[in-house]
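The structure appears right after this line, and notes come after that.
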Number of protein chains: 4
Amino acid sequence: MDNLIEATARILVKDGFDKASTNRIAEVSGVSIGSLYQYFPSKEALVAAVIERHQQQIMQTVRSTLTQVSTQPLDKAMRRFVAVAVEAHRLDPQLHRVLAEQIPRVGKLEKLETFSRENFSLFRAYLEGARDDLGVDDLELASFVCVTTIEALTHNAVLHHSKVLTDDRMEALIDEAARLVTG
Amino acid sequence: MDNLIEATARILVKDGFDKASTNRIAEVSGVSIGSLYQYFPSKEALVAAVIERHQQQIMQTVRSTLTQVSTQPLDKAMRRFVAVAVEAHRLDPQLHRVLAEQIPRVGKLEKLETFSRENFSLFRAYLEGARDDLGVDDLELASFVCVTTIEALTHNAVLHHSKVLTDDRMEALIDEAARLVTG
Amino acid sequence: MDNLIEATARILVKDGFDKASTNRIAEVSGVSIGSLYQYFPSKEALVAAVIERHQQQIMQTVRSTLTQVSTQPLDKAMRRFVAVAVEAHRLDPQLHRVLAEQIPRVGKLEKLETFSRENFSLFRAYLEGARDDLGVDDLELASFVCVTTIEALTHNAVLHHSKVLTDDRMEALIDEAARLVTG
Amino acid sequence: MDNLIEATARILVKDGFDKASTNRIAEVSGVSIGSLYQYFPSKEALVAAVIERHQQQIMQTVRSTLTQVSTQPLDKAMRRFVAVAVEAHRLDPQLHRVLAEQIPRVGKLEKLETFSRENFSLFRAYLEGARDDLGVDDLELASFVCVTTIEALTHNAVLHHSKVLTDDRMEALIDEAARLVTG
DNA sequence: TATGAATGAGGATTCATTCAT
DNA sequence: TATGAATGAATCCTCATTCAT
């Protein structure tokens, strides 16, 4: 089961969704096509498993680094949020990219939505607690803006500009993003 | 040629990338499959043409509304940038969505890159001019942050949260984004 | 289109429904699998076409030999009915067998039902006209009994006992069946 | 072994021949697929066993009700024959139907032939004894006609027209069939 | 003897692309 | 130049059967 998921992920990264045929996946994972379908009822299910696994890994990272945040002051908390986002994207950037770009088609949008909603909630919960320091009415909007911004910045930074961005700049970017959001 | 592009766009929007077979496109556009291949050497080329057309339209909007910007003060200019981004996304949101989600698979990433680079340049050029009012060293980084943020916010706002975001909130969001970026 | 139907019929006869794969049919009929699906949207449709063609042929035989029947006396008419049934079964006995035995699965039961209903109606119509000579109340039942009997006798005679039944006996059987039904 | 046959029969009735996969049969009968193949060398063998069992049951009914017949007068005997045929078909009409429709494909025609030959023999034996009351030369032919007719009438009556045929009519049909055959 | 994971040939169907007319 | 019938590689998936434990 695990080699199947692993093989799927690898092929997804290397060749993209369309070239990831079930027969190919079976072959690469050293399993017969029959066995593949014993474990996963469809190609969709297999891809869903890849998504899930990736998200588990991310959420693990996120949760473990976010426990202390609620007691921290605004600016520190924000830096933490941004840093966590970067870390998450660095778990497996290439896979992250394929999943983000090619997967919506599968009808597994729910999975992704649920996932981003969870992140959204975590963030919102923090803002809720820090409401007094914020002077903001519309928490919903504020959360949306922040989460979107952080996600986009880290996503783009890691995926599209990894070469352009030196480590220094990355540090700067984290600062920048945090400051931005703190505004 | 134009009905082909148009038909492709329509089908892409209505049925998604996978259902957009060349035969179907030919049929819908009232052209024989043979002729389709006389104008476009491959399905990929056809989709690329759709992308290009969409981006032309966007750039047209962007350019025409951005000519005056260079002489404006920072905050006004920023609001203009954000507003333009929103407008651009509203040209044909559904098409924009499909293209954004499915196009990476076509291997036409260059197209997108070129495109976003152009936006990037325009923005950077403005910052260059306003350098003195900014107190920022790393223009490259600043541009990246701003463009990414604006793009992400408007994209998400228009595509994924159009129902949640009332017009009021949209206004607020534009403000917020502008303010964010101005920081 | 016609070679496809023909090839399907041949394969159906030779190897049975399960071995009649669309790829095989295409190959035998000297047509690419792609073309097959250009003419028939599914294997089912192809088999349906075979059924239809066979039934057309039978109904042609039946109608052309049954026009005069309505004016004939009971015993003559009955002999005609039986003779026609035999003829019909002899058009393509082997194909008739496969269709009768293996096709119900296709969900094209309607086709067959419609078909036998038409025969039923023809026969019933005759009885209706000859009601006075019959001394029978329940025409529905009488028709059912007669049609079923004739069909079964001819079917079995032609398909399962063709070797046992000499031509003499066939003649005798026709007599017998006619007499039976006339009773 | 018996649960296997039973499960096969049930699945055959419920889902048809094509959905009756050996894995499914094993699962339903609470036996591992491995054990299934220990008892039956192939799917075909399993289905053959179902046929055999069904025919055993029928023959049991037939024999037990037919012992007295040989001493009875022609018309009484005929009614008995018909009645027995109806009873036989009512043992498990649905199973009977599937077997009748789908079994030819299994290549177990011999089974059916043997079976109908046994019926044929029983009937012929009776006619042999009653030869003097009959005034018929060709006993072979007479038997064929009678057996086929009875079988077809009851089969059709029970399977295809069960709703159309009220109990009254059923009685009438039995009469009719008996009279027909007695002729 | 019982198990059930593993097998892989084979089936129906799709679709980008070609080429003779 | 326009047409559209023809192509066939490739796809997802099923299922009878085997065999190591």
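These numbers come from a predicted model, not from an experiment. Order of the sequence lines sets the chain letters (A, B, ...), proteins ahead of strands, with each chain counted from 1.
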### Message
For A:Glu6, is the CD atom crowded, meaning more than 12 foreign heavy atoms sit under 6.0 Å from it?
### Response
yes
#### Entry: C:Glu27 CD to E:dA12 C1', straight-line distance once rounded to whole Å
16 Å
### Query
Rounded to whole angstrom units, what separation is found between the NZ atom of C:Lys43 and the P atom of E:dG11?
9 Å
## Note on the structure
Contact span of DNA chain F against chain D, any nucleotide atom under 4.0 Å from a heavy atom, 5' to 3', runs F:dC15 to F:dT18
#### Entry: Any B:Ile11 side-chain heavy atom under 4.5 Å of B:Lys19 side chain
no
## Note on the structure
Closest heavy-atom pair, A:Thr22 versus A:Leu36, reported as atoms and distance to 0.1 Å, is O-CD1, 3.5 Å
### Query
Given atom CG of A:Asp18 and atom P of E:dA16, what is their separation to the nearest angstrom?
11 Å
### Qualifying residue, where the test is side chain to side chain contact (heavy atoms under 4.5 Å, CB included) with A:Arg24 and the options are A:Thr8, A:Asp15, A:Ile33
A:Asp15
### Summary
Per nearest nucleotide of DNA chain E, the residue lying toward the 5' end, C:Ser42 or A:Leu36, is A:Leu36
## Note on the structure
DNA chain E in dot-bracket form (Watson-Crick or G-U pairs under 3.5 Å, [ ] crossing, | inter-strand) is .||||||||||||||||||||
### Message
A quick test of your reading: do over 12 heavy atoms of other residues, nucleotides or ligands sit less than 6.0 Å from CD of C:Gln57?
### Response
yes
### Parallel, tilted or perpendicular: rings of D:His89 and D:His155 (30°, 60°)
perpendicular
### Task
Assess whether side chain to side chain contact (heavy atoms under 4.5 Å, CB included) is satisfied between D:His54 and D:Ile58, documenting all intermediate values.
CA-CA 6 Å; D:His54 183 62; D:Ile58 289 185; 3.6 Å; yes
### Task
Between B:Tyr39 and D:Tyr37, just flag the one whose closest nucleotide in DNA chain F comes earlier from the 5' side.
B:Tyr39
### Message
Heavy atoms from C-beta onward define the side chain here; which of E:dA16, E:dT7, E:dT14 lies closest to that of B:Asn23?
### Response
E:dA16
### Task
Would you indicate whether the side-chain heavy atoms of D:Tyr39 and D:Leu4 approach each other to under 4.5 Å?
yes
### Task
Could you say whether B:Ser21 or A:Val31 is positioned toward the 5' end of DNA chain E, judged by the nucleotide with the nearest heavy atom to each?
A:Val31
### Message
Ring of C:Tyr37, cation from C:Lys43 - is the NZ or CZ under 6.0 Å from the centre and inside 45° of the axis?
### Response
no
### Query
Relative to the 5' end of DNA chain F, which residue comes earlier, B:Gln38 or A:Pro41, by the nucleotide with the nearest heavy atom?
B:Gln38
### Query
Hey, does D:Phe40 reach any base, or is it just sugar-phosphate, or nothing, if we go heavy atoms under 4.0 Å?
nothing
